[in-house]
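One structure below.
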Amino acid sequence: MRGVCFYGKEDVRVEHVPDPQILNPRDAIVKVTSTAICGSDLHIYGGYIPTMERGDVLGHEFMGEVVEVGRDNRKLRVGDRVVVPFTIACGQCYFCKQDLWSLCDNSNPNAWMAEKIAGYAGSGLFGYSHMYGGYPGGQAEYARVPFADVGPIKVPSTLSDEQVLFLSDIFPTGYMAAENCQIRPGDTIAVWGCGPVGQFAIRSAFLLGAERVIGIDRFPERLTLAASDGRTEVLNYEEVDVLDALRTMTGGQGPDACIDAVGLEAHGTTLDAWYDRAKFSASMATDRPHALRQSIAACRKGGTVSIPGVYGGWLDKFPLGAAFAKGLTLKMGQTHMHKYLAPLLERIEKGEIDPSFVITHRVGLDDAPAMYQTFREKHEGCIKVVMSPDRPSVGA
Ligand SMILES: [Zn+2]
Ligand SMILES: [Zn+2]
């Protein structure tokens, strides 16, 4: 089959790779109909994620049709149309039973790698390095789904791929970020980063009862998309002083909660290299740690800072003193995907949200190498790329 493979920094190729096989009795094989490139894939593309190997199949946002089912899988049948969550969970361990699905103890066979860094490891992830389990990803024609009697959710034929695909990551991730803000009626929420996760955090904040949501970014097309709901207020941080603006907009008090949907996913192969690369990335690429510091500075006293943006290492100049002085609550972590799939599918079915609003590019799998670059450079107003293995190359 064809798969989008990692070959090194800024080197992504569509190659022929072995078809996936059922390895465990609860597995399923999914024929991928739609898959997306995630902002976090760009950190792999940039060479920042340790334990990636040449030829690894990328992608953790995908959906499709079940074509093979392991003998102990009683939930799925051949022909089912499913969306697959990007975190892999067993459904039986202490953490899965606590609804802390992204902390599953049984889905990362390489947990020792993550334990060296964090003490304990989170769950396995599709297409996201050997440190997270080394599972081939879903930017391919087929994918093996472990614990497929726990993760994938069946989706009705009345909804298109584009309406449900983002249940695989960015919709639940934005939603959990908003939920972590413990929103009460009348609240004002500020969101740093209006990329795909930020867009879903904004819409989710309104779904959860926020009165005002303020999106912060520097790309006009992202700000325009955020404001296209007719409710979201936006700030371009290249044009205004964000702290001053937020203070003015909130009567001098600050937003009730701040969401950092920017993140800093800079890693390395050794602890010191990881640290160095984090610093390198932070100073060379964007203002990423700056966004977290600013969200802590902007938040009202007693408020919440919610962090869906992924952080990897040791942050420099982290203003814990300000967070302490203001009595802030910090909430963060990989999304507990499995908890959100059914309720968010229900919101889509009810028409409360149509997640396809973030899509700017629709291409074939063979367009992946060009699209990774387009997405990374934010060319052509690129916000979210969807690829379909069956769609002919658009020659991007
Ligand atoms: Zn993602
Ligand atoms: Zn588990």
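Read the numbers this way: they start at 1 and go in the same order the structure lists the ligands and their atoms. Numbers here simply count residues along the sequence, with the first being 1. In what follows, every heavy atom counts, from backbone to side chain, and hydrogens, waters and symmetry copies are set aside.
Rounded to 10°, the angle formed at the Zn ion (ligand 2) by Cys90 SG and Cys93 SG is 110°. To the nearest 10 degrees, the angle centred on the Zn ion (ligand 1) between SG in Cys38 and NE2 in His60 reads 110°.
For the pair Lys31 and Asp390, the salt-bridge criterion is met [side-chain N within less than 4.0 Å of a carboxylate O]. Salt bridge Asp72/Arg26: absent, no basic N to carboxylate O contact under 4.0 Å.
In this structure, Tyr128 has its ring center no closer than 6.0 Å to that of Phe86.
Classified by interplanar angle (parallel below 30°, tilted 30° to 60°, perpendicular above 60°), the ring pair Tyr135/Phe126 is tilted.
The atom of Glu61 that is an N, O or S and sits closest to the Zn ion (ligand 1) is OE2. The Zn ion (ligand 1) lies closest to atom OD2 when only the N/O/S atoms of Asp169 are considered.
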